[in-house]
Structure formats: structure tokens, C-alpha cells
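Every number for a ligand or one of its atoms is a count from 1 in the order of the listing.
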Amino acid sequence: ENGSAAAIPIDPRFDIAYVTPVTIGTPPQTLYLDFDTGSSDLWVFSSHTPESQVRGQRIYSPEKSSTAKLLAGHTWSILYGDGSGSLGNVYTDNFTVGGVTVTSQAVQTAQQVSYSFTSQSEIHGLVGLGFSTLNTVFPNGQLTFFDNAKSTLDSPVFTADLKWKKEGTYDFGFIDETKYTGEITYLPVQTDPGYWTFTSSGYAVGDGAFHPASIVGIADTGTSLTYLPAEVVTSYWGQVDGAVDSDYYGGYVFPCSSKLPSFTFGVGPANITIPASYINYAQITEGSPVCFGGLQSSSWLGVNIWGDVALKAAFVVFNGANPPTIGWAKK
Ligand SMILES: CN(C)c1ccc(C(=O)NN)cc1
């Protein structure tokens, strides 16, 4: 059975993250989760999360679900690239998103969450859509929702149609031709260690010349911004009056009144252009004349990340066939 679900920005001012409604258990408990191609744990705020760490999030209570089963002796603990993290134990239960149901999905209940999760009341947990090899459950790693659902889908794919300051969609099992223009360009995916890793064929700043390059990076719906090699972001921000790489603010900032160029990245023989408006990410604080860039250096990360700032400029196909591939189309 195929499915489709909304990807809703959690903040109307800037696209920090997107959440998608899911139901867990019997009777169904509805939570809004962050679908994250950059990780592979499905975890939720729960009745096991200390009250001091819950601030408005909806929680999953396995003790109120007649279909919940404790996965005895199993625990999990995850650390994300931004230093946030969570840990806890594991149940299996019915899990439905957009009409696609997996019975006996591993649902990881949080017994600890870091402050950046506590502080974001609109995110009630994550649904990892990376490869199951990255799942942190010990002693036996668990399958992602997509890996569990794959065999029931018409096609082993899901697509991301994220939008700038608007609601987009995740589709499961089919490719909606009305959501993109032109052709989809498919690229090989390196599945080791478990991210959707692909190689971009280069970049251009604004209307400037295209620079052929091999930029290896991950497609990560769970990361807000896009992090690329220093030489790429230096050439981009070099075109913006007053832009500086600020230690104080932790990245490239610029005068909000500056005119930004677009940014184009190569996908095989094709390319995707990120409009300047997407790169004018947010004011440092409400009303500030200083703005934070949506394109930042990956130098300190050790990996290039094509996050939401890039993904929302395209229609992206995550093809879970063997071998997996990733498809990019304009829209
Ligand atoms: C604190 N929150 C909501 C996070 C959500 C997702 C991630 C992440 O690295 N996903 N790939 C980090 C942090």
C-alpha cells in the first residue's frame, strides 16, 4: 500500500525542521516526527521521558497501547552531528504514516533527551530514513520504517518534496510525476556507513561559470542548512558585500539587506539551483540587521551535508532498490 504525508515546517519564520504526523499503537497515538534521511533510529518522546525534559511535546505511552511489546534487554543511544542526542529502551508496535502501516515496528522510547530536543516542542521524535546499518539499538540493530515497509510498497522508493516556508510532502512507494519538471537524474549511492551519500559534479555561484568538482556528501532531510567545502562557500560568500565567517555567530553572516546570488550544484550532467532567498536563512535574532547564511562550511564537520536548504530546491527520489540510487529533479 503506498502513502503520502505532509512535511510541515515547525517555525513560520524559517525552515529549521519539518515534522510529519504519524500514529503509533492501539488505539492510535498521534505524534509529529522529524523524518530524517541522515539517521536510522525511530525514537519518540514517551512516558519514560523525565518530565523535566519534556516541554510541550506529545508523548507515546506504550502502556496505553494493547499492541505494544517491550523488546526486552534492548537499549539505544544516539549522538547527532550537532552534539544533540537521546537514549532509552525499545518497544515494537503498529506504526502508520500517510496510510502505510508497519506492524511490529521498533519504536525507541526516550529515557533521556538533550536540551536541544527538550527546547523544540514541535518535534516529538525522529524517524530515521537512513540505512538500517546505522541503527543504534543494542544488542540487535533494528530496521527502519522504510526497510520494514519496502516490501508492501508498489516500488521500494520514497520521495522528498520539501518547500521553502511551506508544507511539502513525503511520498512512499511511488513517484508523483506532477511534483517535478523535466527528467529525474539518478546518481549512485555509497551506502557505507549508512547515509544517502552521493557525489555532486560541481557548482556555480549566481550566473557565474560552472566549476566541475567531485563533492561527496550526504542528503540529509534532518539537517536545516547545507554544509560544503571551504573553497566552495568562500567563493560564494566572497560575492556578498559585508559577508564574514564569524567565530562569534559560528558561521557566515551577512547584512540582511545584502543581495545574495543563487547557488547551483551539479547532479551528473544536470544541475539544481538554490534560489538566493533560501540562502538568506534567518536573522540572528528577531529584528536583527545581521543574517545567518544557509550555506556554511563543512570544514569542522568532516562530511559535506546537503541539508534542507538544498533539498527544498529539488524533488528528491530515495530509491531503496538494489543497488540504491538517489534521483534529483527540478520543480
Ligand atoms: C535537535 N534536533 C531536532 C535534531 C534533529 C536532527 C538532527 C540530525 O543531525 N539529523 N540528521 C540533529 C538534531
Please report which non-hydrogen protein atom sits nearest to [atom], along with the residue it belongs to and the distance in Å to one decimal place.
{"atom": "atom 3 (C) of ligand 1", "value": "Q120 OE1, 3.2 Å"}
{"atom": "atom 2 (N) of ligand 1", "value": "F117 CE2, 3.2 Å"}
{"atom": "atom 5 (C) of ligand 1", "value": "D34 OD2, 3.8 Å"}
{"atom": "atom 6 (C) of ligand 1", "value": "G222 O, 3.3 Å"}

- Query: Which of the numbered atoms in ligand 1 are below 4.0 angstrom from a heavy atom of D36?
  - Reply: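 Near D36, meaning under 4.0 Å from one of its heavy atoms, ligand 1 has 8 (C), 10 (N), 11 (N).
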
- Message: Could you tell me, atom by atom, which parts of ligand 1 come under 4.0 Å of a heavy atom of I123?
- Response: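 Close to I123: 3 (C).
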
- Query: From T136 OG1 over to Q108 CD, what is the distance, rounded to the nearest 0.5 angstrom?
  - Reply: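 So the gap between those two atoms works out to 5.5 Å.
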
- Task: Please determine if D220 has a nitrogen or oxygen closer than 3.5 Å to a nitrogen or oxygen of ligand 1.
- Result: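 Indeed, backbone or side chain, D220 has an N or O that close.
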
- Query: Would you say D82 and ligand 1 have an N/O pair spaced under 3.5 Å apart?
  - Reply: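 Not met; the criterion fails.
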
- Under 4.0 angstrom from ligand 1, any heavy atom of S116?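 A heavy atom of S116 does come that close to ligand 1.
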
- Assign the ring pair F172 / F145 to parallel, tilted or perpendicular, where the plane angle (0 to 90°) is split at 30° and 60°.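 Ring orientation of F172 relative to F145: perpendicular.
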
- With under 30° as parallel and over 60° as perpendicular, where do the rings of W306 and F265 fit, or are they tilted in between?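 The rings of W306 and F265 sit tilted, inter-plane angle from 30° to 60°.
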
- Using a 4.0 Å heavy-atom threshold (strictly under), name the region of S84 that reaches ligand 1: side chain, backbone, both or neither.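 Only the side chain of S84 comes within reach of ligand 1.
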
- Where do P261 and Q239 come nearest, in terms of heavy atoms and distance?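 Nearest pair, atom of P261 first, then Q239: CG-CB, 4.2 Å.
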
- For residues N271 and W328, determine if any side-chain heavy atom of one lies less than 4.5 Å from a side-chain heavy atom of the other.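 When only atoms from C-beta onward are counted, W328 and N271 do not touch, as no gap falls below 4.5 Å.
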
- Task: State plainly whether the residues D161 and K331 are in salt-bridge range, i.e. N to O under 4.0 Å.
- Result: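 Looking at K331 together with D161, the answer is yes, because their closest N to O distance falls below 4.0 Å.
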
- Item | Test side-chain hydrogen bond (donor to acceptor under 3.5 Å, both in side chains) applied to Q142 and N135, step by step | CA-CA 6 Å; Q142 302 300 302; N135 181 265; 5.7 Å; no

